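Bear in mind the structure is a predicted one, so any value in this text is a computation, not a measurement. Here is the naming used below: chain letters follow the sequence lines, and residue numbers restart at 1 for every chain.
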Number of protein chains: 2
Amino acid sequence: MGTDRAVETIQREMTTFARRARASAGRLHPELSLVSYTLLSHLEERDGRRATDLAAHYSLDKSTVSRQVAALERAGLIERRPDPEDHRVQVLHLTDAGRRILAQVTENRQAAFRERLADWPEEDLRRFAGYLERYNAWSGEAPAEGN
Amino acid sequence: MGTDRAVETIQREMTTFARRARASAGRLHPELSLVSYTLLSHLEERDGRRATDLAAHYSLDKSTVSRQVAALERAGLIERRPDPEDHRVQVLHLTDAGRRILAQVTENRQAAFRERLADWPEEDLRRFAGYLERYNAWSGEAPAEGN
DNA sequence: CTCTCCTGGTTGCACAGTACAACTCAGCGG
DNA sequence: CCGCTGAGTTGTACTGTGCAACCAGGAGAG
């Protein structure tokens with residue numbers, strides 16, 4: 001019936017999208033990898049998070065986050081400040097440079113999407129956005145996907 | 001206005017999805033990587049493609065495809081047959097094992113999506129599927145994303 | 001107070017996926 | 001025959017990732 005066909009299509013198209021995103025991420029956005037971008041965005045929204053928080057939130061290994069954070073710090077986009085309350089902890093903050101790069105990359109991505117979605121009626125855009133939010137908001141019994 | 005908000009949301013949610021897909025691909029589907037899965041699917045639809053075709057189709061380097069193909073062959077999922085017409089060419093075919101694994105993995109993925117989308121009204125599913133197809137079908141001036 | 005356990009983070013190692021460049025081999029056009 | 005082109009392979013390097021071992025700071029039990 002129609003439902004199965006629709007689910008099949010969704011599965012197929014999401015797979016296609018994921019594959020392309022992966023393939024093109026490095027080439028299209030050399031400024032900032034997907035994960036770096038996400039981490040930076042997260043910090044922009046909620047400054048002063050710990051690396052562990054990020055790892056938990058994105059289901060990444062703490063070692064991965066540690067290295068990403070180290071790279072971002074080397075690039076001068078974030079700062080690690082010791083937490084006076086707990087000397088094990090490093091609190092992460094965006095630097096001005098980080099904020100600037102983030103804004104610029106966001107704008108680039110945004111522009112790409114705008115172009116791609118240019119001839120969509122607003123009604124469709126709003127519905128599509130809603131569906132995506134709803135899709136991502138799902139949290140089944142597998143908390144493995146994080147967020 | 002509403003359009004910009006919607007595009008912003010779409011950008012954000014697509015990014016989230018891509019990040020999660022990347023993170024969970026290996027863990028959730030250890031049987032077959034995303035790319036392997038895609039290549040196998042492609043071969044199921046159009047048997048007898050050449051490695052170069054796949055590379056072009058997915059904007060992957062031919063060396064990457066070469067290695068992926070080699071791995072799939074080692075795993076017994078595809079066969080490489082010399083093309084009698086042109087001895088430079090290797091024509092790729094799914095084996096029975098490949099077809100079986102592919103079917104099983106597809107079913108697993110499908111089930112995950114079905115569960116995730118279980119309480120969506122059919123109308124929404126069909127619209128969402130349509131939007132995704134439309135989104136992926138877009139081919140701007142950057143043919144880099146392939147397909 | 002000290003000993004043990006817990007927690008945040010780093011580092012060593014391994015591995016997948018990828019690109020680029022150099023190469024081999026087969027076919028093609030002069 | 002000779003050089004050019006195209007298919008595919010291989011060497012090398014880099015990124016992102018996880019796991020396991022480790023280190024250092026805190027917290028509670030005795």
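Residues that satisfy the salt bridge (charged side-chain N to carboxylate O under 4.0 Å, His left out) test with A:Arg49, not counting sequence neighbours, are absent from this structure. Applying the side chain to side chain contact (heavy atoms under 4.5 Å, CB included) rule to B:Gln90 yields the partners B:Arg80; only residues at least two apart in sequence or on another chain are considered. For A:Thr52, the side chain to side chain contact (heavy atoms under 4.5 Å, CB included) criterion is met by no residue, not counting sequence neighbours. Partners of B:Asp124 by salt bridge (charged side-chain N to carboxylate O under 4.0 Å, His left out), not counting sequence neighbours, listed by chain and number: A:Arg134, B:Arg127. With sequence neighbours excluded, no residue forms a salt bridge (charged side-chain N to carboxylate O under 4.0 Å, His left out) with B:Glu44. Listed by chain and residue number, nothing satisfies the side chain to side chain donor-acceptor pair (under 3.5 Å) test with A:Arg46 (two or more places apart in sequence, or in another chain).
One atom, CG of A:Leu92, and another, P of C:dG8, lie 13 Å apart when rounded to the nearest Å. Rounding to whole angstrom units, CG of residue A:Leu54 and C1' of D:dT17 are separated by 16 Å. C:dT18 atom C1' lies 17 Å from atom OH of B:Tyr58, rounded to whole Å. We find that CG of B:Asp61 is positioned 16 Å from C1' of C:dA16, with the value rounded to whole Å. Taking atom CD of residue B:Glu73 and atom C1' of nucleotide D:dG8, one finds them 13 Å apart after rounding to whole Å. With rounding to whole Å, A:His87 atom NE2 is found 11 Å from D:dA27 atom P. One interatomic measurement links the two molecules: CG of B:Leu60 to P of C:dC20, which rounds to 11 Å at whole-angstrom precision.
Heavy-atom nearest nucleotides on DNA chain D were determined for A:Pro84 and for A:Val65, and the one closer to the 5' end corresponds to A:Val65.
DNA chain C is contacted by B:Val35 of residues 35-45 of chain B, taking any non-hydrogen atom closer than 4.0 Å.
B:Leu34 belongs to no hydrophobic cluster, as no Ile, Leu, Val, Met, Phe, Trp or Tyr side chain comes under 4.5 Å of its own. By the 4.5 Å side-chain criterion applied to Ile, Leu, Val, Met, Phe, Trp and Tyr, A:Val91 is assigned to a cluster that also includes A:Val89.
For D:dT9, one of the phosphate oxygens OP1 or OP2 lies less than 4.0 angstrom from a side-chain nitrogen or oxygen of B:Arg80. Contact annotation: B:Ser66 does not reach the phosphate of D:dG8 (side-chain N/O to OP1 or OP2, under 4.0 Å).
A salt bridge links A:Glu107 with A:Arg114: the closest approach of a Lys/Arg side-chain nitrogen to an acidic carboxylate oxygen falls below 4.0 angstrom.
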If you restrict it to nitrogen or oxygen atoms, what contacts under 3.5 Å exist between nucleotides 5-7 of chain D and the protein, and what is each distance?
from  : atom 1 : to      : atom 2 : distance (Å)
D:dG6 : O4'    : B:Arg88 : NH1    : 3.3
D:dA7 : OP1    : B:Arg50 : NH1    : 3.2

Do any N or O atoms of the protein come closer than 3.5 Å to N or O atoms of nucleotides 11-15 of chain D, and which pairs are they?
from   : atom 1 : to      : atom 2 : distance (Å)
D:dG11 : O6     : B:Arg67 : NH2    : 2.3
D:dT12 : O4     : B:Arg67 : NH2    : 3.4

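For the pair B:Leu132/A:Phe17, no side-chain contact is recorded, criterion being any heavy-atom separation below 4.5 Å from C-beta on.
Among pairs with a residue in residues 76-120 of chain A, those fulfilling ring-ring contact (aromatic ring centres under 6.0 Å, His included) read A:Trp120-A:Phe128, A:Trp120-B:Tyr131, at least two apart in sequence or across chains.
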